[in-house]
Structures are given as structure tokens and as C-alpha cells.
Amino acid sequence: MKKLINLVLFFMVLQTLAQNKQILYNFAELPQTLLLNPASEVNYKFHVGVPLLSGISSDFGSKGVVLSDIFANDNRSINDKIAEAIRNLSYRDFTKINTQIEILNAGFRLKDDYYLSFGFYQELDAIGYYPKDALDFISEGNAPHVNRAFSVAGVWYKADFLGVLHTGISKKVDDKLTIGGRFKIYSSALNVESNNNTGLFTTTGGINNICTHYLTDVNLKFKTSGLIENNEYITDVNSYLKNTVFGSNLGLGIDVGVTYRITPQLEFSGSIFDLGFINHKKNTKNTSITGNFVFEGVALEFDNDNNFENWDEIDQRFQDEILVTDDFESYISWRPTKLNLALKYNFGEYRSKICYDNTYKNFYTDAIGLQLYNVFRPLSSLLALTGFYEKAITNKIHTK
């Protein structure tokens with residue numbers, strides 16, 4: 001049992017701290033770079049990845065809230081720190097997670113100028129924006145915010161678990177230009193999302209009671225695929241894993257890329273990947289909440305029976321005016337498209353190394369550069385600018 005626990009912890013650490021995608025980009029010595037830019041220059045004859053180990057990546061990020069803000073040892077109560085963190089949030093702040101586990105990755109050279117690669121990986125991608133108005137209402141109530149309109153537009157999230165079968169090809173056009181593309185088949189095992197919601201909750205001074213509460217133009221939509229079957233939640237983990245391989249909810253996507261040597265020392269590269277969609281048509285359930293409602297509270301009387309009747313009347317009116325409807329229609333979700341742009345300058349000692357065709361390729365031992373990474377998310381793009389340094393210690397040991 002102890003060995004089993006150690007093995008599990010080992011894989012957890014691998015998954016959390018393994019390959020950083022910005023570091024992998026255009027690192028030609030590693031075949032996984034072809035997943036980030038199908039036009040990366042590779043000089044090997046073939047490659048085969050180790051299943052479950054050769055490509056594991058994970059990243060977690062949060063904007064607007066940092067754990068140290070909550071758990072800092074600053075002699076303040078945790079309630080005060082949570083309240084301050086909520087006050088500092090904006091509707092663009094979020095929490096996200098992305099994890100990829102490579103099941104298969106292989107490739108081989110077709111001709112001197114063509115390289116074919118293919119594989120399969122599983123991916124978990126999720127993002128949720130902080131609903132600031134809802135958090136303010138939950139933490140402070142509506143008493144301090146009379147006449148404030150609390151919006152539900154901040155309820156915006158999306159999570160996907162899917163398998164991706166892919167094949168790509170790169171072509172070296174000449175000594176300066178390399179182009180490439182990749183075709184993907186998505187198989188979604190799970191999708192939950194909610195976006196483009198509207199609705200306001202407002203409390204004002206009342207006429208027949210102390211306060212009047214308004215729910216105005218409520219239009220909430222929640223979509224799920226792969227989560228519910230026959231009105232029951234799917235709890236079998238194996239069912240989700242099985243559906244990542246040619247399940248019923250399929251989609252298509254493409255990657256395109258280019259690498260161009262401006263001079264022998266200056267190189268530009270760029271790629272767009274995960275430009276695609278998934279058509280969800282099995283085990284779907286979509287819930288809509290729409291309507292308007294005005295509530296002036298309950299005027300309590302000494303007759304307890306009448307009080308219960310008042311509550312029942314309000315509950316029935318709420319159900320009549322705020323409609324909750326379910327349907328099982330198919331829908332389309334779009335993948336979060338990514339963009340990479342990089343500029344690299346090579347310098348240092350000029351060396352030669354043997355290539356797949358027994359010829360020699362000249363290269364510089366050092367390189368510096370900048371890379372711009374962009375993920376197109378619902379409310380705004382998420383940008384990352386990375387500076388890097390490469391060093392060839394020997395002809396066979398390269399670092400970045």
C-alpha cells in the first residue's frame with residue numbers, strides 16, 4: 001500500500017509540475033512541440049512517445065484572488081480578508097485549469113521535406129468567472145445595497161473533458177520557410193457551460209411593506225452534455241473515459257503554423273491551434289430560467305393557517321412568473337482557440353550535428369527570444385508574454 005501511495009503521489013507531482021507549454025513551444029528537440037506549432041523544424045527520422053509519461057501538462061491560474069490574501073498571517077480575521085477580496089473582484093476575474101495527458105504520440109518522415117505526426121490525448125479545460133454581484137449579495141445581503149441592481153450576468157463558466165485524435169504534417173518549403181497543419185477529431189465526454197445570462201435583482205423602499213424586491217428580465221441558461229442520462233447523473237468514471245474515444249458528441253478542429261528564418265540567426269514563428277467546435281447531441285440537458293417577479297414580503301397575521309397560505313400563494317406566483325424549462329436539444333460549443341507568436345535570435349558558438357539523412361546541420365549554441373501566447377476566452381483574451389533562453393550544452397543535450 002505504501003508503494004502504491006508513493007506511485008500515486010509521483011504521478012500527481014508529475015501532472016502538476018510537468019512540461020510547461022510556453023517552454024515547449026518551438027523547442028525542436030522535443031516532438032511535443034509539434035502540438036503547439038505544426039510547422040516546427042524537426043530533424044529526426046521518427047519519434048515514439050512513452051504512453052502517459054512523455055506528455056503531461058497542467059496549469060492552474062486565478063486572477064483577482066490570491067490564496068495569500070486569504071491566509072496571510074496579518075492578525076486580521078479571515079472573514080474580513082474574504083470580504084476585502086470580494087470587494088476587490090471585477091467581472092473579468094476568473095479561475096481556470098487545464099490538464100493534458102498524452103496517450104499516444106508518434107511520427108515519421110515521409111520524404112526529406114515532409115514529417116507526419118499523429119497521436120491521441122485527453123484534456124480537461126475549465127474556466128469560471130467570479131460573479132461579483134452574486135458574491136456581494138451572498139456576503140453582505142441586500143440591506144446595505146438598497147436601490148442597487150445586482151446583475152446575474154457574471155454567472156459565466158465552461159468546463160470540458162474530451163479526447164483528441166490528431167494527425168499533422170509539416171513541409172520544409174525551402175531553407176527559410178516551413179509550413180504545417182494538423183487535423184483533429186474531438187470526442188467530448190463532458191461539457192457544462194453557462195453564458196450570456198441576463199437579469200437584475202433590486203431592492204427598493206416598499207409601499208405596502210418596508211421593502212419591495214424586483215427580479216427583472218431574468219434569462220439564465222445552463223447547458224450540459226454527458227453529465228445526465230435518463231434524468232440521473234452519470235457517476236461511473238469509466239463511462240467518461242470511454243466516451244473520450246469516438247463517443248457520440250464529436251467535433252472537428254485544425255491547427256496551422258509557420259516558421260520563417262528572416263536571417264540565419266533571426267527566426268519568426270507563429271501558430272493558431274484548436275480552431276474548432278463540438279456538436280453535443282447525446283445525453284444533453286438544457287435548463288432555462290426566464291421571467292419577472294415582484295415581491296413585497298409577507299404581512300404576518302395572528303392566524304397561523306393564513307400565514308402558510310400567504311407563503312403558498314407567493315411560491316405559486318413565483319413558479320408562474322419565473323419559468324423553469326428543460327429541453328434535450330443538441331447544441332454546439334466552440335473550443336478555446338490559442339495563438340502563439342515568437343521571435344528568436346540565435347548566437348554563440350557555431351556547431352554542426354548529424355541529421356536523419358546523415359547530413360550535417362549547422363546551429364548556434366545559444367538563443368534568446370520572446371513569445372506571445374493568447375487564449376481566446378469568452379469575456380476577454382488571456383495573454384502571456386514569455387522571455388526565454390536556450391543553450392546547447394552538447395550536440396545531444398539542449399536546455400531552454
Side-chain angles (χ1 to χ4, degrees), residues 91 94 96-98 122-129 131 134 151-166 183-201 215-254 274-293 315-338 375-380:
Y91 71 97
F94 60 86
K96 72 176 183 71
I97 184 171
N98 180 274
Q122 293 175 333
E123 179 177 0
L124 170 66
D125 183 80
I127 185 169
Y129 291 86
S151 173
V152 299
V155 178
W156 197 307
Y157 63 83
K158 182 180 180 183
D160 287 292
F161 177 57
L162 68 157
V164 183
L165 182 68
H166 60 87
F183 177 73
K184 294 178 174 179
I185 299 177
Y186 304 116
S187 180
S188 174
L190 174 67
N191 169 263
V192 293
E193 60 181 81
S194 180
N195 51 56
N196 295 322
N197 296 307
T198 61
L200 299 173
F201 175 75
L215 281 172
T216 310
D217 296 329
V218 175
N219 188 357
L220 296 169
K221 296 180 180 179
F222 305 93
K223 298 178 180 179
T224 67
S225 168
L227 180 65
I228 298 172
E229 184 176 22
N230 298 325
N231 283 326
E232 293 184 358
Y233 288 102
I234 300 173
T235 58
D236 182 12
V237 176
N238 290 327
S239 176
Y240 292 106
L241 295 176
K242 181 179 67 175
N243 287 331
T244 62
V245 184
F246 289 112
S248 299
N249 300 315
L250 299 176
L252 301 175
I254 60 170
D274 273 335
L275 183 61
F277 68 94
I278 299 174
N279 183 19
H280 303 274
K281 59 183 181 179
K282 184 177 180 181
N283 293 338
T284 61
K285 184 177 181 179
N286 310 311
T287 300
S288 297
I289 303 174
T290 58
N292 297 276
F293 185 70
D315 180 62
Q316 185 60 52
R317 191 163 62 84
F318 182 85
Q319 295 181 39
D320 292 339
E321 297 181 22
I322 301 295
L323 301 180
V324 180
T325 58
D326 294 327
D327 68 68
F328 306 95
E329 300 295 325
S330 63
Y331 64 92
I332 288 177
S333 68
W334 296 92
R335 298 287 294 138
T337 302
K338 294 96 174 172
V375 184
F376 295 95
R377 291 294 189 179
L379 295 184
S380 62

Undergrad: Would you sort out whether L190 and L227 count as a side-chain contact (heavy atoms from CB on, under 4.5 Å), showing the intermediate values?
TA: CA-CA 6 Å; L190 174 67; L227 180 65; 3.7 Å; yes
Undergrad: What residues, two or more places apart in sequence or in another chain, satisfy ring-ring contact (aromatic ring centres under 6.0 Å, His included) together with Y157?
TA: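 Not a single residue meets the ring-ring contact (aromatic ring centres under 6.0 Å, His included) criterion with Y157.
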Undergrad: Identify, with sequence neighbours excluded, every residue that meets side chain to side chain contact (heavy atoms under 4.5 Å, CB included) alongside L250.
TA: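 Partners of L250 by the side chain to side chain contact (heavy atoms under 4.5 Å, CB included) criterion, ordered by chain and then number, come out as S187.
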Undergrad: Working to the nearest 0.5 Å, report the span between CG of D125 and CD1 of I97.
TA: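 So the gap between those two atoms works out to 9.5 Å.
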Undergrad: Which atoms form the tightest heavy-atom contact between I322 and G291, and what is the distance?
TA: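 In terms of heavy atoms, the two residues are closest at CD1-C, 3.6 Å.
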Undergrad: Can you sort out the partners of D274 under salt bridge (charged side-chain N to carboxylate O under 4.0 Å, His left out), two or more places apart, ordered by chain and number?
TA: K184, R335, K338
Undergrad: With respect to H280, which candidate in S248, S330, S333 satisfies the side-chain hydrogen bond (donor to acceptor under 3.5 Å, both in side chains) definition?
TA: S333
Undergrad: Using side chain to side chain contact (heavy atoms under 4.5 Å, CB included) as the criterion, list what pairs up with A159, not counting sequence neighbours.
TA: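 A159 satisfies side chain to side chain contact (heavy atoms under 4.5 Å, CB included) with A126, V192 once adjacent residues are dropped.
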Undergrad: Would you please test F183 and L165 for side-chain contact (heavy atoms from CB on, under 4.5 Å) and show each step?
TA: CA-CA 8 Å; F183 177 73; L165 182 68; over 6 Å; no
Undergrad: Looking at OG of S225 and NZ of K282, how far apart are the two atoms once the value is rounded to the nearest 0.5 Å?
TA: 10.5 Å
Undergrad: Should I289 and L323 be marked as a side-chain contact (heavy atoms from CB on, under 4.5 Å) after you check the CA-CA gap, both sets of side-chain angles, and the distance that decides it?
TA: CA-CA 6 Å; I289 303 174; L323 301 180; over 6 Å; no
Undergrad: Are any non-hydrogen side-chain atoms of K221 and T287 less than 4.5 angstrom apart?
TA: no
Undergrad: Using every non-hydrogen atom in the two residues, find where V164 and Y186 come nearest and quote the distance to one decimal.
TA: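 That closest heavy-atom pairing would be CG2-CD2, 3.7 Å.
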Undergrad: Could you pull out the closest heavy-atom pair between N249 and I278, with the gap in Å?
TA: O-CG2, 3.8 Å
Undergrad: Can any side-chain N or O of S194 pair as donor or acceptor with the backbone N or O of W156 at less than 3.5 Å?
TA: no
Undergrad: Who pairs with F246 by ring-ring contact (aromatic ring centres under 6.0 Å, His included), at least two apart in sequence or on another chain?
TA: none
Undergrad: Which residues satisfy the side chain to side chain contact (heavy atoms under 4.5 Å, CB included) test with L275, sequence neighbours excluded?
TA: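 Applying side chain to side chain contact (heavy atoms under 4.5 Å, CB included) to L275 gives I254, T337.
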Undergrad: Tell me, please, which residues at least two apart from E321 pass salt bridge (charged side-chain N to carboxylate O under 4.0 Å, His left out).
TA: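 Residues passing salt bridge (charged side-chain N to carboxylate O under 4.0 Å, His left out) with E321: R317.
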Undergrad: Measure the shortest side-chain to side-chain distance between L241 and F161 over non-hydrogen atoms and say whether it is less than 4.5 angstrom.
TA: yes
Undergrad: To the closest 0.5 Å, what do you measure between CG (D320) and CG (D315)?
TA: 9.5 Å
Undergrad: Give every donor-acceptor pair under 3.5 Å between a side-chain atom in residues 232-239 and any protein atom, sequence neighbours left out.
TA:
residue, atom, partner, partner atom, Å
D236, OD1, N238, N, 3.2

Undergrad: Is any side-chain heavy atom of Y331 closer than 4.5 Å to one of E193?
TA: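 E193 vs Y331: side chains touch.
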Undergrad: Are side-chain heavy atoms of D217 and N292 found at a separation under 4.5 Å?
TA: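 A side-chain contact under 4.5 Å exists here.
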Undergrad: Taking side chain to side chain contact (heavy atoms under 4.5 Å, CB included) as the test, write out the residues that go with N231, two or more places apart.
TA: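 Once residues adjacent in sequence are excluded, the partners of N231 under the side chain to side chain contact (heavy atoms under 4.5 Å, CB included) criterion are K285, F328.
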Undergrad: Measure across I127 and Y129 and return the closest heavy-atom pair with its distance rounded to 0.1 Å.
TA: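 Closest approach of I127 to Y129: CD1-OH, 3.8 Å.
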Undergrad: For F318, give me all partners under ring-ring contact (aromatic ring centres under 6.0 Å, His included), at least two apart in sequence or on another chain.
TA: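 For F318, the residues satisfying ring-ring contact (aromatic ring centres under 6.0 Å, His included) (neighbours in sequence not counted) are F293.
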Undergrad: Determine yes or no for a side-chain-to-main-chain donor-acceptor pair under 3.5 angstrom, with T284 supplying the side chain and E329 the backbone.
TA: yes
Undergrad: Taking salt bridge (charged side-chain N to carboxylate O under 4.0 Å, His left out) as the definition, give me every residue that meets it alongside K158, ordered by chain and number, with sequence neighbours left out.
TA: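 Residues passing salt bridge (charged side-chain N to carboxylate O under 4.0 Å, His left out) with K158: D160.
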Undergrad: Kindly compute the distance separating CD (Q122) from CG (L162), expressed to the nearest 0.5 Å.
TA: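 The CG atom of L162 is 9.0 Å from CD of Q122, to the nearest 0.5 Å.
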Undergrad: Would you please name every residue forming a side-chain hydrogen bond (donor to acceptor under 3.5 Å, both in side chains) with S188, sequence neighbours left out?
TA: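 Scan of S188 (side-chain hydrogen bond (donor to acceptor under 3.5 Å, both in side chains), adjacent residues dropped) gives none.
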Undergrad: Is there side-chain contact between I332 and N279, with at least one heavy-atom pair below 4.5 Å?
TA: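 Result yes, sub-4.5 Å side-chain heavy-atom pair found.
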Undergrad: State, yes or no, whether a side-chain contact exists between N191 and T224 at a heavy-atom distance under 4.5 Å.
TA: no
